[in-house]
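Note that ligands are numbered from 1 as they come in the structure, with each ligand's atoms numbered from 1 the same way. Values in this document were obtained by computation on a predicted structure and should not be read as measured data.
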Amino acid sequence: MRILLDTANLDDIRYFNTYYPIEGVTTNPTILAKEGGDPLATLKAIREIIGEDKELHVQVTEHDFDRIIDEARAIVDYLGINTFVKIPVTDIGLRVTKYLSDRGIGVTVTAVLTAAQAMLASNAGASYVAPYISRSENLCADGVGTVADIADIFEVSGTDTQILAASFKTAKEVLDVAVEGCHAATIGSGIMKMLLSHTTTDTSIAGFEKDWKEAFGDTTLLKLITKK
Ligand code: G3P
């Protein structure tokens, strides 16, 4: 399952883009508001950090059909290729999705809470649907199960629409959607670190270092091989 970073924090994006195999960055109005400053400059900086080959997902802020279309085109013109326009799953959103997708603009239909919404978004031509996991589970619904249902529906229909799961609060939720056949997940920096770290990994590494040092002192294999 491909992993994207769900943040507009430039320090986090620089760090994770360097050390972790992320495939892109997702933002929304709340995420941009959290960073403050000039949202356009932030988005441009994100594009410069991740380069043109990685995906950048940016949500529209306009509300009526014509202005959303103009905004979507402006976003893609401003941020270049591999920019996906995030459109909330509403009736106008479905119409916009069909219009933009028919014209070759990638759409990520977002704020998806049910498999029915995902099916309609896919039928409208969405490149991605973004089901919200923890926002669903907080309402005692089955967010992970919803991803499983969407994966089944998409497999039967043969659609090209991919599932980009979002809104995670635990690392286990990320693993669970991966098991259910989710194509991609967008996660915050905290969960990204939780996916990697394990106390037994840390103690194992410490044990290797201690044993090596006790037997061979400060040398390393590099020093022994190169005599440097
Ligand atoms: O990408 C959508 C996501 O940011 C929503 O996440 O944590 O606000 O529920 P959250």
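- Close approach of ligand 1 to I31 is summarised as follows: ligand atoms under 4.0 Å from at least one heavy atom of the residue are 4 (O).
- Distance from atom 7 (O) of ligand 1 to its nearest protein heavy atom, with residue and atom name: K169 NZ, 2.8 Å.
- Here T110 has no heavy atoms under 4.0 Å from ligand 1, in either its backbone or its side chain.
- A cation-pi geometry, defined here as NZ or CZ lying under 6.0 Å from the six-membered ring centre and within 45° of its normal, holds between R103 and Y99.
- Which parts of ligand 1 touch D6 is read off a 4.0 Å heavy-atom cut-off, strictly below it: atoms 1 (O), 2 (C), 3 (C), 4 (O).
- By the 30° and 60° cut-offs, the orientation of the rings of H57 relative to F84 is parallel.
- The pair D91-R95 does not count as a salt bridge, with every side-chain nitrogen at least 4.0 angstrom from each carboxylate oxygen.
- Ion pairing between a basic and an acidic side chain is recognised when a charged N comes within 4.0 Å of a carboxylate O; E137 and K169 show no such pairing.
- Cluster annotation: V174 is connected to V144 through the hydrophobic network of ILVMFWY side chains, with a link wherever side-chain heavy atoms come within less than 4.5 Å.
- The atoms of ligand 1 that sit less than 4.0 Å from any heavy atom of N28 are 2 (C), 3 (C), 4 (O).
- For Y132, every heavy-atom contact with ligand 1 shorter than 4.0 Å involves the side chain, none the backbone.
- Checked by distance only, ligand 1 and R135 come closer than 3.5 Å through their nitrogen or oxygen atoms.
- With a heavy-atom cut-off of 4.0 Å, Q59 does not touch ligand 1 at all.
- Ion pairing of D11 with R14 is present here, as a side-chain N (NZ or NE/NH1/NH2) and a carboxylate O approach within less than 4.0 Å.
- Annotation: S167 places an N or O atom under 3.5 Å from an N or O atom of ligand 1; distance criterion only.
- Applying the under-4.5 Å side-chain rule to Ile, Leu, Val, Met, Phe, Trp and Tyr, the cluster around I81 consists of that residue alone.
- Atoms of ligand 1 found under 4.0 Å from any heavy atom of A166 (numbered from 1 in listed order, with element): 1 (O), 2 (C).
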With a 3.5 Å cut-off and sequence neighbours excluded, list the donor-acceptor pairs that the side chains of residues 179-188 form with protein atoms.
{"from": "H183", "atom 1": "ND1", "to": "I163", "atom 2": "N", "distance (Å)": "2.8"}
{"from": "T186", "atom 1": "OG1", "to": "D6", "atom 2": "N", "distance (Å)": "3.3"}
{"from": "T186", "atom 1": "OG1", "to": "T26", "atom 2": "OG1", "distance (Å)": "2.5"}

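- Which parts of ligand 1 touch K86 is read off a 4.0 Å heavy-atom cut-off, strictly below it: atoms 1 (O).
- Taking a 4.0 Å cut-off on heavy atoms, H57 fails to register as neighbouring ligand 1.
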